[in-house]
Amino acid sequence: MLRRWRHTLAFPVLFLVAAALLAQGAEAGKAKATHKGSAKKAVVWPAADLKWEPTAGAPPGVMEVRLWGDPMKGAFGAIEKFPPGFSSPLHTHSFNMKAVIISGTLIHGPEGKPEVRLSAGSYLFEPSTYRHTTACGKASECVFFLEGDGKFDLKVVEEKKAPAKM
């Protein structure tokens, strides 16, 4: 009798295991989404598998691949791409930003100081409220890794206009 009971339970259990394995296989074939920064499994994304999307709220041509987190909600990591000749005005961010240049020449302009040209392999740390400009050289697109401590924002610094003479 015990043997018959085992056979009766074996079929539903095998069915559930098979369904779970098929579901995992279907998930593996889908486009990869962002992972949690504290993932306990290895994450391997060959460059050909990265899904570039327009960066929310950015000018046309600015693209990103979200690696973890959500730049619209909080801390994040992403690969960003600026088109050749891209330029942003003097601005700040509410949270610290860290960047590593992958390709192209990113042009960093600290307020009141000369611009710095950052080539592949360069590192940049911008503390929150740090006033600067950002641009991409005209020769090629700029690709860089960007990590933010919080939600991404760009606050344009309004230039003070001299009072009109009467």
Side-chain angles (χ1 to χ4, degrees), residues 26-165:
E27 287 297 316
K30 291 183 180 179
K32 296 177 181 178
T34 60
H35 71 86
K36 295 180 181 179
S38 61
K40 294 185 182 197
K41 293 182 182 179
V43 177
V44 180
W45 285 342
D49 292 347
L50 298 178
K51 184 178 178 190
W52 289 95
E53 297 178 339
T55 301
V62 176
M63 306 291 285
E64 73 180 358
V65 174
R66 292 182 184 178
L67 301 174
W68 68 83
D70 183 344
M72 302 306 293
K73 295 180 181 176
F76 68 95
I79 300 174
E80 298 285 328
K81 186 187 300 186
F82 289 166
F86 170 84
S87 179
S88 65
L90 187 65
H91 64 277
T92 65
H93 304 285
S94 295
F95 295 93
N96 297 337
M97 297 287 162
K98 300 170 193 133
V100 176
I101 314 312
I102 298 169
S103 66
T105 302
L106 191 74
I107 304 167
H108 174 73
E111 183 179 38
K113 296 181 181 176
E115 292 180 335
V116 179
R117 300 178 75 77
L118 301 168
S119 59
S122 299
Y123 172 74
L124 173 64
F125 171 72
E126 297 171 342
S128 64
T129 70
Y130 172 73
R131 297 164 78 127
H132 64 281
T133 60
T134 305
C136 179
K138 294 179 182 177
S140 65
E141 66 187 10
C142 293
V143 179
F144 56 98
F145 167 77
L146 182 66
E147 181 176 358
D149 291 347
K151 178 181 173 182
F152 181 86
D153 62 0
L154 188 143
K155 298 178 181 181
V156 174
V157 175
E158 298 293 327
E159 294 183 33
K160 295 179 182 176
K161 296 181 181 180
K165 293 185 181 180

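Treat the numbers as computed from the prediction; the structure is a model and nothing was measured.
- In this structure, the side chain of Ser88 engages the main chain of Thr134 through a donor-acceptor pair within 3.5 Å.
- A distance of 4.5 Å separates CD1 of Ile101 from CG of Leu106, quoted to the nearest 0.5 Å.
- A distance of 9.0 Å separates CG in Leu146 from CG in Leu124, rounded to the nearest 0.5 Å.
- Proximity of a side-chain donor or acceptor of Asp153 to a complementary backbone N or O of His93 within less than 3.5 Å is not detected.
- One finds the CE atom of Met97 at 4.5 Å from the CZ atom of Phe76 (value rounded to the nearest 0.5 Å).
- Rounding to the nearest 0.5 angstrom, the gap separating the CZ atom in Phe144 from the CD1 atom in Ile79 is 10.5 Å.
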Inset, instruction - Apply the test side-chain contact (heavy atoms from CB on, under 4.5 Å) to residues Phe86 and Lys81: give CA-CA distance (whole Å), side-chain angles for both, the deciding distance (0.1 Å), then the verdict. - result: CA-CA 10 Å; Phe86 170 84; Lys81 186 187 300 186; over 6 Å; no
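- In this structure, Phe145 CZ and Ile102 CD1 are separated by 8.5 Å, a value rounded to the nearest 0.5 Å.
- Minimum interatomic distance between Lys98 and Tyr123 (heavy atoms only, all atoms of both residues): CG-OH, 3.7 Å.
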Legend entry - Lys151 vs Ser94, side-chain hydrogen bond (donor to acceptor under 3.5 Å, both in side chains): CA-CA, chis, key distance, verdict: CA-CA 8 Å; Lys151 178 181 173 182; Ser94 295; over 6 Å; no
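- Put simply, the residue from Pro83, Pro54, Cys136 that forms a side chain to side chain contact (heavy atoms under 4.5 Å, CB included) with Val62 is Pro83.
- The heavy-atom pair separating Cys142 from Gly137 by the smallest distance is SG-N, 3.9 Å.
- Minimum heavy-atom separation, Ala75 to Asp149: CB-O, 3.6 Å.
- Trp68 is listed as a side-chain neighbour of Glu147, based on a closest heavy-atom distance under 4.5 Å.
- Here the CH2 atom belonging to Trp52 is positioned 9.0 Å from the CD atom belonging to Glu64, to the nearest 0.5 angstrom.
- Summarising the geometry of Ser122 relative to Ser119, their closest heavy-atom pair is OG-O, 2.8 Å, with the distance given to 0.1 Å.
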Inset, instruction - Could you please spell out the steps behind the side-chain contact (heavy atoms from CB on, under 4.5 Å) verdict for Thr55 and Phe152? - result: CA-CA 11 Å; Thr55 301; Phe152 181 86; 6.0 Å; no
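- If you run side chain to side chain donor-acceptor pair (under 3.5 Å) between His132 and each of Glu115, His108, His91, Glu111, only His91 comes through.
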